[in-house]
Amino acid sequence: MRLSFIITLLSFLFLAGPGHAQTVMISAQPNEEAPTISRHIYGHFAEHLGRCIYGGFYVGENSEIPNTKGVRMDVVEALKALKIPNLRWPGGCFADTYHWKDGIGPKADRPSILNVWWGGVREDNSFGTHEFLDMCELLGTDPYLSANVGSGTPQEFADWIKYTTHPAGSSPMPELREKNGRKEPWKVRFWGVGNEAWGCGGNMRPEYYSDVYRRFATYASDWGNSDGLVRIASGASSEDYNWTEVLMKNIPKNLIDAIALHHYSVIDWGKKGPAVDFSEGQYFTTMKRALMMEELIQKHVAIMDKYDPNKRVDLYVDEWGGWYDVEPGTNPGFLYQQNTMRDAMIAGVTLNIFNNHADRVKMANIAQAVNVLQAVVLTDEEKMILTPTYHIFRMYNVHHDAQLIPLSFVSPQFIQNNEVLPAISASASKDGEGKVHISLVNIDDKKTHQISVDVSALGLKTVKGEILTSDQLQDHNTFDNPDTIKPTTFNGAKLQGGKLTLSVPPFSVIVLEGTK
Ligand code: AHR
């Protein structure tokens, strides 16, 4: 009797083994020297593209949609709740065709241009510098102006800096600003010196762009008239390491504060696949592209370390996110796409990667804030919805300006067709009040993973959490069902003997808060 009971138990354990994956042991190692996670990692991007600005942010003062100086207030309130730290504008590719003086002064006098990159539509310049910078004040966010290098001049760039940042009455540009209704300067620290100079920003080679950069950056100065500017070089596309190498070698460090990097989670530029009805294989490939961010940052940073061991120059990932086919029936040039749990996975793992590289990655901008690519907000006339990506940004904003807590663990595998990805992604930080936050993502679409976090060095007494999950990876919010996906309270974490234990369901994101 006894023997048969033991055998039954053993065979049960054996059979149960593969189904019950091993517990993932994570060790949290607080370190006084660890970097602060810049809140600017949680930045956004707004281009004159499709319905991002017009219809998305800006509806005009005569709209029935509640607005302040034409900026829709539902969008402002939603983004304020995210505490968006910065907003990059006016492009993207649009930036290198944009002449800022077209967008100031009485609207009736502003010339129209053709938006050559995005849908070939008329740009009437009704949303310009004043509208954008006033909107940033409304949002409580830092503006990041991306200046025209591809088809602009150093003079135009220098004038834009004087117009926006120099004190009233100090020279002709601030006088022009005052004539246009704004006496005091705005606070504009972040300046992009062109965008994608290797492509839509002028198809330049890195050697040539380095020289062009040096020329533009020489005049891109506040001449002591503000708290200082951050000059950002147009960076590499994904794994173009040579771009970073040449720029780091050729641009003197006194002329550059940050270098950019763009990386999109796109399956194949020729065959991107649908935003909603994607297959398991497409999901896996998207996650592979998203997780590639880890390798990209490591390799670009290794090059930066070679030329800048003291880490004077920051890395800004100022465009990232999922990129799919546009929604059926919409303008292909408008890049309007839905946003599912797959996007929540991209956001969760990418933000964890940025947090964990907080020593060099000091800014990042998801593309784009409203109605374009991996948007946090979608609008349809007067309606507005929050996407799964929005909820991740809201859940993760506890990491803003908090001190990184390095984690170490070996992730279980997420396998498909003999390809392997890490299933679990995590990052942690301690905020100014001493609260500890741990964000955990399980990208495996089938397996739950048991996790045990050793937090004995943190002295935690209580834990609570939030979870974002759903039934299907393809689930998303719609204008008819705006709350299909939203975070809920997570009570599944147990704190005992210096260990936090929990189960992380398939394709879910959990953020835990521990207090002493
Ligand atoms: O975000 C859309 C476009 O992607 C941007 O305009 C460009 O910089 C990038 O190629």
Side-chain angles (χ1 to χ4, degrees), residues 43-54 56-57 86-98 113-121 123 127 132 144-152 190-204 206 209 213 232-240 243 258-270 272 275 286 289-290 293 296 316-327 330-339 343 346-347 350 363-378 387 389:
H44 293 262
F45 172 31
E47 182 165 11
H48 285 240
L49 192 177
R51 293 187 302 112
C52 184
I53 297 296
Y54 300 109
F57 276 104
N86 66 70
L87 189 58
R88 178 173 182 250
W89 176 85
C93 294
F94 180 79
D96 284 287
T97 62
Y98 183 64
I113 60 164
L114 184 66
N115 191 332
V116 290
W117 294 112
W118 307 118
V121 294
E123 164 61 60
F127 188 88
F132 176 71
Y144 167 2
L145 295 183
S146 189
N148 182 347
V149 168
S151 69
F190 301 110
W191 291 88
V193 184
N195 168 76
E196 297 195 350
W198 41 264
C200 61
N203 279 308
M204 302 181 214
Y209 173 69
Y213 178 93
I232 306 147
S234 162
S237 170
S238 298
E239 61 270 65
D240 183 358
W243 185 271
I259 187 164
L261 168 67
H262 289 182
H263 176 65
Y264 284 98
S265 299
V266 63
I267 291 172
D268 177 339
W269 285 108
K272 302 186 195 79
T286 304
R289 291 288 297 170
M293 187 67 84
L296 293 174
Y316 286 5
V317 187
D318 60 11
E319 285 187 31
W320 66 274
W323 191 324
Y324 320 112
D325 292 339
V326 299
E327 287 308 304
T330 64
N331 187 329
F334 281 14
L335 309 187
Y336 176 73
Q337 64 189 39
Q338 248 297 354
N339 194 291
D343 296 277
I346 298 175
T350 307
M363 184 188 279
N365 306 75
I366 189 166
Q368 300 190 4
V370 185
N371 292 332
V372 170
L373 300 176
Q374 192 176 342
V376 290
V377 165
L378 300 177
T387 66
T389 301

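Numbers here are sequence positions counted from 1. As the structure lists them, so they are numbered: ligands from 1, and atoms in each ligand from 1.
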*If you have a sec, work out which protein heavy atom is nearest atom 10 (O) of ligand 1 and how many Å separate them, to one decimal?*
Glu196 OE1, 2.8 Å
*Examine distances only and state if a side-chain atom of Ser146 and a backbone atom of Gly91 form a donor-acceptor pair shorter than 3.5 Å.*
yes
*Note the single closest protein heavy atom to atom 1 (O) of ligand 1, along with its residue, its atom name and the distance in Å.*
Tyr264 OH, 2.8 Å
*Would you mind listing which atoms of ligand 1 come within a distance below 4.0 Å of any non-hydrogen atom of Leu373?*
1 (O), 2 (C)
*Are any of the N/O atoms in Cys93 less than 3.5 Å from those in ligand 1?*
yes
*asked:* For the residue pair Arg88 and Phe190, would you count it as a cation-pi contact if the rule is NZ or CZ under 6.0 angstrom from the ring centre and within 45 degrees of the ring axis?
replied: no
*Number the atoms of ligand 1 from 1 as they appear, then name those within less than 4.0 Å of a heavy atom of Phe45, with their elements.*
1 (O)
*Backbone N/O of Ser234 and side chain of Tyr209: donor-acceptor pair under 3.5 Å*: yes
*Just need the protein heavy atom nearest to atom 4 (O) of ligand 1, so name the residue and atom and give the distance.*
Glu319 OE1, 3.2 Å
*Under 3.5 Å, is there a donor-acceptor pair between the side chain of Asn195 and the main chain of Ala95?*
no
*Of all the heavy atoms in Trp118, does at least one lie under 4.0 Å from an atom in ligand 1?*
yes
*Has ligand 1 got any nitrogen or oxygen that is less than 3.5 angstrom from a nitrogen or oxygen of Trp323?*
no
*Heavy-atom contacts with Gln368 under 4.0 Å: which atoms of ligand 1 show up? List them by number with element.*
1 (O), 2 (C)
*If you count the atoms of ligand 1 from 1 in the order shown, which ones are under 4.0 Å from a heavy atom of Asn195?*
8 (O)
*Can you check whether Trp89 and Tyr98 have ring centres sitting under 6.0 Å from each other?*
yes
_Please confirm whether Phe94 approaches ligand 1 to less than 4.0 Å, judged on its heavy atoms._
no
_Check whether Gln374 reaches the backbone of Gly322 with its side chain - one donor and one acceptor, N or O, closer than 3.5 Å._
yes
_Side-chain (Thr330) to main-chain (Val326) donor-acceptor, under 3.5 angstrom_ = no
_Any nitrogen or oxygen of Glu47 lying under 3.5 Å from a nitrogen or oxygen in ligand 1? Just yes or no._
yes
_I'd like to know if the side chain of Gln338 reaches the main chain of Glu327, judged simply by a donor and an acceptor atom lying under 3.5 Å from each other, with no hydrogens or angles considered._
no
